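In what follows, a single structure is set out as structure tokens and then discussed.
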Amino acid sequence: MLSERLLRVYVVAEMYRKWLTRRPLTYFFVAMYMPVSILVPLVILAPEAYHVDVVVGALLFSVVGGGIADVALNVSYDRATRRIAFLATRPLEPLDYMLGVMLGGASYTMVGALVVLLVGQLVLEFKLSIAQALGLLALAFYAYTISACLGFTLALYGPKDFRLAGSLADILLFTLTFIAPVYYPIDLLPDPLRALSYTLYTTHIALIGKALARGEAIPIDSLAITTLFLIALLLIVKRGLKWVES
Amino acid sequence: MAVSVRGLVKVYSGGVVALDGVDLSVGYGEACMVVGPNGAGKTTLLRVISGELRPTAGEVSVLSMDPFRDRDKLLRRVGVLPQEYELYEDLTVWEHIYYLAVLKGLGIQEARSEARRVVELLDLEEVKNTLVRNLSGGLKRRVALAQALVGGNELLLLDEPMVGLDPESRRRVTMILEGLRREGVTMIVTTHYLDEIGRFADSVVVLKRGKVVRRAPPDAILRELGYTVKLELPAGRHVLERIPGGVRYTVSGGRIVLWLSSGEELARVLAVLDPETVRSARIERPTLDDAYLELVSRV
């Protein structure tokens with residue numbers, strides 16, 4: 001029954017949201033301080049022409065970070081400490097657990113994305129229409145979803161030690177936002193790095209985001225590539241996420 | 001049968017044999033206590049029955065269902081207390097129990113009333129708004145037990161429910177389980193607290209190295225000891241010389257322990273002891289712990 005499943009997803013989301021909301025200082029850091037601390041120095045350093053890149057970069061960093069690192073840590077912690085046993089012995093589908101964990105994380109990660117947009121709008125000269133702002137938030141959620149699937153993949157197939165899984169997630173996060181032209185235009189990248197960056201979904205998300213913010217046409221090939229990333233990751237997670245151990 | 005297990009084998013990767021051909025049947029409304037040394041396979045057995053762990057070989061039927069194929073239907077009727085776990089430390093006691101009641105498949109109102117019922121049952125009323133991370137170990141164990149009891153289960157699979165509880169809590173949990181047993185709830189309980197669970201268990205299953213080495217009612221296990229009274233005396237030649245022939249005894253740690261088969265035999269021994277030289281004596285009934293230790297050492 002759909003309503004029962006939706007209720008279960010909501011309950012799981014609540015369970016995974018509260019670890020952060022019950023820690024106000026950590027919440028402030030994750031949802032506000034970190035995104036803004038990335039945005040402000042880059043705005044000061046970058047010429048005005050690159051401010052769109054900087055805002056989209058800070059937006060993506062906060063949601064990609066929330067998706068990969070937070071989900072990887074939560075799920076690998078569940079497995080390492082057997083906290084998962086409480087869910088595995090209930091009539092709950094693994095997919096409901098996955099959606100719940102992702103939504104729980106999204107509920108605070110998206111606050112960070114919103115803060116970046118608001119600060120960007122208040123401080124910077126370029127202005128977004130409501131449609132553009134909503135489009136960027138939708139893109140942020142899309143990027144979060146792909147990243148959360150990546151976090152799940154890391155937790156399911158990576159090391160059992162949740163601290164190690166957390167470190168690997170951080171390495172992955174920085175690779176995805178450093179090699180990909182998240183904060184700067186792709187044209188500034190040297191040729192070999194540019195070719196490499198096209199293999200990363202964050203590059204394509206950044207290209208879509210920048211086009212949205214500038215009011216340009218959305219690159220359809222980037223949308224298609226990120227959709228393929230999402231489908232592939234969903235299949236990988238679905239295969240690995242099982243309650244029954246062999 | 002509520003639970004039926006035939007020829008169950010579980011070999012973990014690395015070749016560790018946790019279960020080696022286990023056969024077990026537990027009738028509806030029966031309380032079965034599974035005991036055995038550490039690593040005997042008790043937890044593995046419960047995890048297979050709850051559908052968490054796929055066996056290498058063998059058949060499992062739980063409430064006439066296949067725990068792997070009919071998982072969704074089955075887990076609405078089964079309460080599970082895992083042995084090793086961490087609770088959701090950032091939830092309050094109430095949230096922990098209520099959320100897991102919803103995930104059990106109960107509606108919002110039903111989950112609320114069930115959560116209220118088990119909070120009261122396990123005497124968690126005072127701490128229900130406390131974050132789990134701020135609870136003592138014993139209270140955390142009670143929260144874990146509470147989540148297993150929500151939802152009016154027909155079958156309870158409890159892995160070491162007494163671990164970490166103080167004597168008062170153990171007594172309370174024993175009474176709760178005894179009450180559920182009277183209401184007809186089937187349960188399989190692994191434990192090292194034999195005497196408490198043995199008060200209401202219908203059968204004791206002794207596992208050793210993945211095999212069932214004995215299955216009998218607690219009384220029968222006790223009878224197998226061959227004695228009903230244990231008399232402990234200070235060691236000394238004057239005592240040893242007076243022990244009547246045929247009486248089984250052991251000497252260790254400065255004490256003589258006499259294993260007596262009846263009250264009459266006890267009276268016979270006491271009659272011949274010299275009260276001038278024997279200034280202290282301790283008379284005890286054997287416990288299930290004694291019987292278990294004797295049994296495990298024999299097989």
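The shown structure was predicted, so the numbers you read here are calculated from the model rather than taken from an experiment. To find a chain, count down the sequence lines: A is the first, B the second, and so on, and within it residues start at 1.
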Atom [atom1] of [X]: over 12 foreign heavy atoms under 6.0 Å:
{"X": "A:Arg79", "atom1": "CZ", "answer": "yes"}
{"X": "A:Leu122", "atom1": "CG", "answer": "yes"}
{"X": "A:Arg163", "atom1": "CZ", "answer": "no"}
{"X": "A:Phe229", "atom1": "CZ", "answer": "yes"}
{"X": "A:Phe174", "atom1": "CZ", "answer": "no"}
{"X": "A:Leu95", "atom1": "CG", "answer": "yes"}

Which of A:Arg23, A:Arg17, A:Arg22 passes salt bridge (Lys or Arg N to Asp or Glu O under 4.0 Å) with B:Asp90? It is A:Arg23
Heavy-atom contact with chain A under 4.5 Å, split by part of [X]:
{"X": "B:Lys73", "answer": "neither"}
{"X": "B:Tyr98", "answer": "neither"}
{"X": "B:Val11", "answer": "neither"}

Looking at side-chain heavy atoms only, is the closest gap between A:Val244 and B:Leu53 below 4.5 Å?
no
Are any of the side-chain heavy atoms of A:Glu93 and B:Asp72 separated by less than 4.5 Å?
yes
Between A:Phe86 and B:Tyr88, how do the two ring planes meet: parallel, tilted or perpendicular, split at 30° and 60°?
tilted
Find the distance between [atom1] ([X]) and [atom2] ([Y]) and round it off to the nearest 0.5 Å.
{"X": "B:Glu95", "Y": "A:Lys18", "atom1": "CD", "atom2": "NZ", "result": "3.5 Å"}
{"X": "A:Met15", "Y": "B:Leu103", "atom1": "CE", "atom2": "CG", "result": "6.0 Å"}
{"X": "B:Leu74", "Y": "A:Thr89", "atom1": "CG", "atom2": "OG1", "result": "11.0 Å"}
{"X": "B:Phe68", "Y": "A:Trp243", "atom1": "CZ", "atom2": "CH2", "result": "15.5 Å"}
{"X": "A:Arg83", "Y": "B:Tyr85", "atom1": "CZ", "atom2": "OH", "result": "14.0 Å"}

How far apart are the closest heavy atoms of A:Ser246 and B:Lys10, and which atoms are they?
C-NZ, 3.2 Å
If I measure from the heavy atoms of chain B, does A:Leu87 come under 4.5 Å with its side chain, its backbone, both, or neither?
both
Main chain of A:Arg90, side chain of B:Arg71: is a donor-acceptor contact present, judged purely on distance under 3.5 Å?
yes
Any salt bridge linking A:Glu4 with B:Lys104? Criterion: basic side-chain nitrogen under 4.0 Å from a carboxylate oxygen.
no
Look at A:Ser3, A:Ala85, A:Pro91 and state which one has the largest set of heavy-atom pairs under 4.5 Å with chain B.
A:Pro91
Those residues of residues 119-140 of chain B, ordered by number, that approach chain A below 4.5 Å (heavy atom to heavy atom)
B:Leu131, B:Arg133
